[in-house]
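Everything on this sheet refers to the single structure shown next.
As the structure is a prediction and not an experimental result, all values here were calculated from the model.
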Amino acid sequence: MKKLLSLILCMIMVLTTFIVPAGSAEIQKPNEPTTQEMEAIIKIVRPKIDVPWDFTEFQWHYSSPSYYSRATWHLSWNKKDYSGHISISCDTDGNITSYDYYRDDFDRIPSLPDKAPEEYLPTVEAFIKKTAPYASGKISLTETNSNSLRNHCYNYIFNRTENGIIVPDNFINISIDYTNSTIRSFSANFDIGASFENKENIITEE
């Protein structure tokens, strides 16, 4: 009888450890962001991009950090019928690392550019300065090309340059529609916050 009573008491103790009292705080899963963190990120990134008034549907996704990658927020603003969207990715500090703008009503008729690529540079550089201020003043244009006539975009590649030396694997790729001067895509592979100061002149270019 004593053994049976002891067994019953042990079972009660085990079961009660899984009971959450009414009104207690919700248990947060590991690496899962809070609503407050999401709101803070939106307040940082939203002023950096121009979202059309009819892109009213908002969606988000959070990628937890891993051994190979940092935590990333994925945010998108869509039309109600999902015929257009603006999507971005950013880190937990609100640094935007990718941007994509699409509309079904973008003109798909093949078209040749009326202007040279350098004439669109002020618009491209202004977008980078506003959207990715961490790269502004630290990059130099290294390549320009054009994709298919149907997409009618100029593509620009900017490499990170520190003290006149190009930093490998640190670059920005951005495209602009040359029929309407709209930035269509942006992606950055950038070691944000990394310092490349060489005050003692220890490292030479060679």
Side-chain angles (χ1 to χ4, degrees), residues 31-66 68-108 120-139 141-145 147 151-160 167 169-194:
N31 297 324
E32 183 177 312
T34 64
T35 301
Q36 290 77 12
E37 288 173 328
M38 183 182 68
E39 291 175 351
I41 285 294
I42 294 173
K43 288 179 181 179
I44 294 173
V45 302
R46 185 60 183 82
K48 298 178 181 179
I49 58 174
D50 297 320
V51 179
W53 65 269
D54 54 345
F55 285 33
T56 56
E57 306 302 305
F58 175 73
Q59 293 181 330
W60 67 276
H61 173 70
Y62 177 80
S63 299
S64 299
S66 69
Y68 299 100
S69 62
R70 297 179 179 179
T72 305
W73 289 89
H74 307 277
L75 312 176
S76 66
W77 290 262
N78 310 271
K79 295 185 69 173
K80 283 189 176 181
D81 59 0
Y82 290 89
S83 61
H85 71 255
I86 283 182
S87 303
I88 69 165
S89 295
C90 69
D91 63 16
T92 53
D93 292 321
N95 295 307
I96 297 176
T97 54
S98 73
Y99 168 96
D100 182 71
Y101 181 27
Y102 171 79
R103 299 184 71 110
D104 278 353
D105 55 5
F106 276 151
D107 187 5
R108 295 295 181 181
Y120 295 91
L121 270 178
T123 301
V124 169
E125 291 172 340
F127 180 90
I128 295 174
K129 184 177 182 179
K130 180 180 179 181
T131 306
Y134 57 83
S136 183
K138 298 180 180 181
I139 54 177
L141 181 63
T142 54
E143 184 180 339
T144 305
N145 57 67
N147 57 20
N151 289 325
H152 32 70
C153 284
Y154 280 133
N155 301 315
Y156 303 81
I157 297 177
F158 294 83
N159 276 94
R160 185 173 192 165
V167 180
D169 299 327
N170 273 231
F171 60 87
I172 283 176
N173 194 329
I174 185 170
S175 68
I176 186 171
D177 190 325
Y178 52 67
T179 64
N180 53 28
S181 298
T182 299
I183 301 296
R184 298 284 293 275
S185 66
F186 161 91
S187 63
N189 187 37
F190 218 84
D191 294 320
I192 301 172

Open item on the list: Quick check against the 3.5 Å criterion: does Asp91 have a side-chain atom that pairs as donor or acceptor with the backbone of Asn95?
Closed with: yes

- [ ] Quick one: do Phe171 and Glu143 satisfy side chain to side chain contact (heavy atoms under 4.5 Å, CB included)? Show the steps, please.
- [x] CA-CA 11 Å; Phe171 60 87; Glu143 184 180 339; over 6 Å; no

TODO: Say whether Ser98 and Ser89, considering side chains only, have a donor N or O and an acceptor N or O under 3.5 Å apart.
DONE: yes

Open item on the list: Is it the case that the ring center of Tyr101 lies less than 6.0 angstrom away from the ring center of Phe106?
Closed with: yes

Task: Sole candidate of Thr97, Ile174, Asn173 that passes side chain to side chain contact (heavy atoms under 4.5 Å, CB included) when paired with Ser187 - done: Asn173

Open item on the list: Restricting to salt bridge (charged side-chain N to carboxylate O under 4.0 Å, His left out), what partner residues turn up for Asp169, sequence neighbours left out?
Closed with: none

TODO: Ignoring hydrogens and angles, tell me if any N or O in the side chain of Asn170 forms a donor-acceptor pair with the backbone of Asp191 under 3.5 Å.
DONE: yes

TODO: Answer yes or no: are there more than 12 heavy-atom neighbours, outside Lys129 itself, under 6.0 Å from its atom NZ?
DONE: no

Task: Lys48 to Gly94 - nearest heavy-atom pair and separation - done: NZ-O, 3.0 Å

- [ ] Determine yes or no for a side-chain-to-main-chain donor-acceptor pair under 3.5 angstrom, with Asn78 supplying the side chain and Glu57 the backbone.
- [x] yes

Task: Non-hydrogen side-chain atoms of Thr131 and Ile183 separated by less than 4.5 Å - done: no

- [ ] Calculate, to the nearest 0.5 Å, the distance between atoms CD1 and OG1 belonging to Ile157 and Thr142 respectively.
- [x] 6.0 Å

Task: Spacing of OH belonging to Tyr82 relative to OG belonging to Ser76, to within rounding of 0.5 Å - done: 7.5 Å

Open item on the list: If I compare all heavy atoms of Arg184 with all of Cys153, which pair ends up nearest, and what's the gap?
Closed with: CG-SG, 3.8 Å

Open item on the list: For Ile41 versus Cys90, what's the shortest heavy-atom pair and its separation?
Closed with: CG2-SG, 3.8 Å

Task: Closest non-hydrogen atom pair, Phe186 against Ile172 - done: CE1-CG2, 3.5 Å

TODO: Grab the two heavy atoms, one from Phe55 and one from Trp77, that are nearest each other, plus how far apart they are.
DONE: CD2-O, 3.3 Å

Task: Spacing of CZ belonging to Phe127 relative to OG belonging to Ser136, to within rounding of 0.5 Å - done: 13.0 Å

Open item on the list: Tell me if a side-chain donor or acceptor on Ser64 pairs with a main-chain N or O of Tyr62 at a distance below 3.5 Å.
Closed with: no

TODO: Considering non-hydrogen atoms only, spot the tightest contact between His85 and Ser87 and give its length.
DONE: CD2-OG, 3.1 Å

TODO: Can you sort out the partners of Ser175 under side-chain hydrogen bond (donor to acceptor under 3.5 Å, both in side chains), two or more places apart, ordered by chain and number?
DONE: Ser185

Open item on the list: Under 4.0 Å between a side-chain nitrogen and a carboxylate oxygen: does that hold for Asp54 and Arg103?
Closed with: yes

Task: Centroid-centroid distance, Tyr156 to Tyr120, less than 6.0 Å - done: no

Open item on the list: Does Arg46, at its CZ atom, have more than 12 non-hydrogen atoms belonging to other residues, nucleotides or ligands within less than 6.0 Å?
Closed with: yes

Task: Asn180 side chain to Tyr178 side chain, donor-acceptor N/O pair below 3.5 angstrom - done: no

